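Quick note: numbers below take in every heavy atom, side chains included, and nothing from hydrogens, waters or symmetry partners. Sequence positions, counted from 1, serve as the residue numbers for this chain. Bear in mind the structure is a predicted one, so any value in this text is a computation, not a measurement.
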Amino acid sequence: MPITSRDREILRLAIPAFGALVAEPLFLLADYAIVGHGLGTTAVGALGVAGAVLATLVNLCVFLAYGTTASVARQSGAGNHMRAMRSGVDGIWLALGIGVALIVLCWPLAPAIVQLFGAGEGQTAQAVTYLRISLLGAPGMLVVLAGTGVLRGLQDTVTPLAVAVGSFALNAVLNAWFVLGLEWGIAGSAWGTVLAQTLGAAVYLVVVARGALRMGTSLAPGLAGVRQAGTAGFALLIRTVCLRIVLLAATVIATRMGEAELAAYAIAIQVWTLLAFALDAIAIAGQAITGRSLGAGDVAATRAATRRMVQWGIWSGIVLGLLVIAARPVLPGLFDADPLVAELLLALLWPVALFQPVCGVVFVLDGVLIGAGDQRYLAWAGVWTTLAYLPAALLASGLGVVALWCALGVWMIARLITLVRRAAGTAWLVTGA
């Protein structure tokens, strides 16, 4: 596959985005390793439960990044630079408001939320502790999402890379110090995450504020703009709710299978997330390129870039799948897994690897359609693919954790069908600001 000028543009955005995206799951894997070595299997399971809750809360708000990327890129492509920055500032204010609301709403409900997973008594107590402390970092986490979206929309993926590497490296260092050095237990891991995320958010606030002032954009919240950002993100919220229903259902089913099954599933889902974020780097490039080219009215360039990014997604998925197979024998030892957990994890890594090419196409087309502002279709597609997944998951609940992972494969194939069908048409190719 020879490198063209279009490839160079994709790679200019995708390579830094890849670094920023894989930084998070890499350091989350470090968290699991630190907790596993210092606190044992029960704590790893508790971290898996609390982590699933936090991931749900944050990912429900992923429209703060995706919607902002699309709107800022489209306005920039149309030459409306001041309006682009206005969209970014309003997105950050919306992120702050939602973050505070999450603390107020979820703090008192933490025990009830954790109990929904059916974890054991020891896991439940530790999961509640981790969840309540981590909620204090919710405003920072959401500001990071919105700030990342602003910079990606401006075709800058290098600054988010620097912030991600810095904040997640700090997270790993703090967690090791708090958990292994100060022996704060699982609370230490939570405090490390809160501090690192809050400092990362502060960096984004400074960078976006400087850019807004340079463009002559007010830093005060524009109520109409904040309302519009929330309204535009509603369809993406539905899409994300569907995604989280799938992953939460899988976590609940794995939890009810037993501690070993949950621990193996929790580690496997972090490996899968690492791979997903790696593939999502091309999708991030797709969001930025699609928004900019459609804003400029260039349909032909949008089509050509989409075809090329799909090719990159397929080959990247093949390479990542082979890497998982190669690394499979050593992965259980990295987490100090006991023999039963190690056996289950080794079995799970086969379907994790085999579905990577499918994931490559799915993530690319998802990013392209988000960049095009085709959120309504993505919302309906999310509903239908979730309905395809749930019967497979229920069937797998009595067949073991490997069957549960194969049910996730059914879900990915359903997503592939809906996205390829949409991308082949023309309804999503809407041009202009």
> Do R152 and Q287 have side-chain N/O donor and acceptor atoms under 3.5 Å apart?
Replying inline: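 There is no such pair between these side chains.
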
> For S293 and D298, does a side-chain donor sit closer than 3.5 Å to a side-chain acceptor?
Replying inline: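 Side chains of S293 and D298: no pair found under 3.5 Å.
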
>> Can you list everything that forms a side-chain hydrogen bond (donor to acceptor under 3.5 Å, both in side chains) with T306? Sequence neighbours excluded, please.
In response: none

side-chain contact (heavy atoms from CB on, under 4.5 Å) partners for [X], two or more places apart:
X    : value
T418 : Y377, A381, T385
I314 : V310, I318, V361
L195 : L174, F178
A304 : R6, R307

Using the salt bridge (Lys or Arg N to Asp or Glu O under 4.0 Å) criterion, which residues pair with [X]? Sequence neighbours excluded.
X    : value
D156 : none
R86  : D90
R244 : none

>> Under the criterion side-chain contact (heavy atoms from CB on, under 4.5 Å), I'd like the reasoning laid out for W350 against V324: C-alpha separation, chi angles, the key distance, then a yes or no.
In response: CA-CA 8 Å; W350 282 113; V324 171; over 6 Å; no

>> With salt bridge (Lys or Arg N to Asp or Glu O under 4.0 Å) as the rule and sequence neighbours excluded, what pairs involving residues 397-419 come up?
In response: D366-R415

>> Test: salt bridge (Lys or Arg N to Asp or Glu O under 4.0 Å). Region: residues 263-284. Which pairs qualify, not counting sequence neighbours?
In response: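 Checked against salt bridge (Lys or Arg N to Asp or Glu O under 4.0 Å) - neighbours excluded - no pair reaches residues 263-284.
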
> So which pairs with a foot in residues 351-361 pass side chain to side chain donor-acceptor pair (under 3.5 Å), sequence neighbours left out?
Replying inline: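 Not a single pair qualifies under side chain to side chain donor-acceptor pair (under 3.5 Å).
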
> Who passes ring-ring contact (aromatic ring centres under 6.0 Å, His included) against Y265, sequence neighbours left out?
Replying inline: W405

